[in-house]
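Structure first, commentary second.
Below, read A as the first sequence line, B as the second, and so on, with proteins coming before strands; counting in each chain starts at 1. All values reported here derive from a predicted model rather than from experimental measurement.
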Number of protein chains: 2
Amino acid sequence: MKKGLTEICYKFFNNLANPTRLATLEKLMEKPMSVTELAAALGQEQSMISHNLKPLLKCNFVFIEKQGKKSIYSANQETIGTLFKAVEVHAEKYCPTGGKCLKEAN
Amino acid sequence: MKKGLTEICYKFFNNLANPTRLATLEKLMEKPMSVTELAAALGQEQSMISHNLKPLLKCNFVFIEKQGKKSIYSANQETIGTLFKAVEVHAEKYCPTGGKCLKEAN
DNA sequence: TATTCATATGAATTATAATTCATTTGATAG
DNA sequence: CTATCAAATGAATTATAATTCATATGAATA
């Protein structure tokens, strides 16, 4: 691991460590969507989706394409796909309780 | 991505979204160490290292082996290696400023 | 079995991030 | 050019997490 990558990693994982952003990414992995569509699909306020898309966009976890007054967002399939896969692999091998541990207090 | 993995992902990334824990993992990727050694290597208080090792251990990002009064921690090379590599690959392709964006305000 | 070393824990404080609500900007259509 | 729809922004509030400090546990040794 190169020097300084810890800092990048922090920003990187911090960006992903949010339920709204993860749900947004999960939706966008299915297909590109507008902000309004995302808000409807996730049952969240439009402003909240916008706020959360911003950091995802900044780190290129999602891409934007403006279509008239709409902004169509799409997921970075390469990066997000790799990460979700990595979590899946880890969980399968190292979370024998199937996420039961998540319910407990820290 | 399986149903319910969003929740697991949240816990997963949340666990990694911390500078102390990332620095700890980076150190442990080099070689197994005791809590005291880690504290010295990172210039942090022992209690802080212990506090931060706890969630890493819980998700099996690190492993523990007790040697007398010492606790020797080691990294889960498989998972952490994969993740760090993924960040590296992403950063190389999608962070053209070389992390310069990290300095700016959100 | 008292003492020391290593680690873990609890609880309070401090710092950081998420969410909401009001408002603004930008684009298109009437 | 003004009304409407879509998205973005700002600022205040609320929620979460990190850090510190004091203390407790547990193992080894004199």
With sequence neighbours left out, the residues meeting salt bridge (Lys or Arg N to Asp or Glu O under 4.0 Å) with B/K93 are A/E78

| task | Quick one: label B/I64 by what it contacts on the DNA or RNA (base, sugar-phosphate, nothing), any heavy atom closer than 4.0 Å. | result | sugar-phosphate

Residues 41-62 of chain B vs ring-ring contact (aromatic ring centres under 6.0 Å, His included), sequence neighbours excluded, gives A/H90-B/F61, B/F12-B/F61

Those residues at least two apart in sequence (or on a different chain) that pass side-chain hydrogen bond (donor to acceptor under 3.5 Å, both in side chains) with B/E45 are none

side-chain hydrogen bond (donor to acceptor under 3.5 Å, both in side chains) filter on A/S34, not counting sequence neighbours, yields A/E37

Footprint ends on DNA chain D, 5' to 3', for atoms under 4.0 angstrom from a heavy atom of chain A, come out as D/dC5 to D/dA11

Protein and nucleotides 22-30 of chain C: nitrogen or oxygen contacts under 3.5 angstrom:
none

Grouping ILVMFWY residues whenever side-chain heavy atoms fall under 4.5 Å, the cluster of A/I72 otherwise contains none

_According to a hydrophobic-cluster definition based on side-chain heavy atoms being under 4.5 Å apart (Ile, Leu, Val, Met, Phe, Trp, Tyr only), do B/F13 and B/V89 belong together?_
no

Connected to A/Y94, directly or through other members, by ILVMFWY side-chain contacts below 4.5 Å are B/F63

Exercise for the section: Looking at every strand, decide which applies to B/S50 at a 4.0 Å heavy-atom threshold: base, sugar-phosphate, or nothing. Expected result: base

Sorted by chain and number, sequence neighbours left out, side-chain hydrogen bond (donor to acceptor under 3.5 Å, both in side chains) with B/T36 holds for none

Walking DNA chain C from its 5' end, the first of A/E45 and B/L53 to be reached, judged by nearest nucleotide, is B/L53

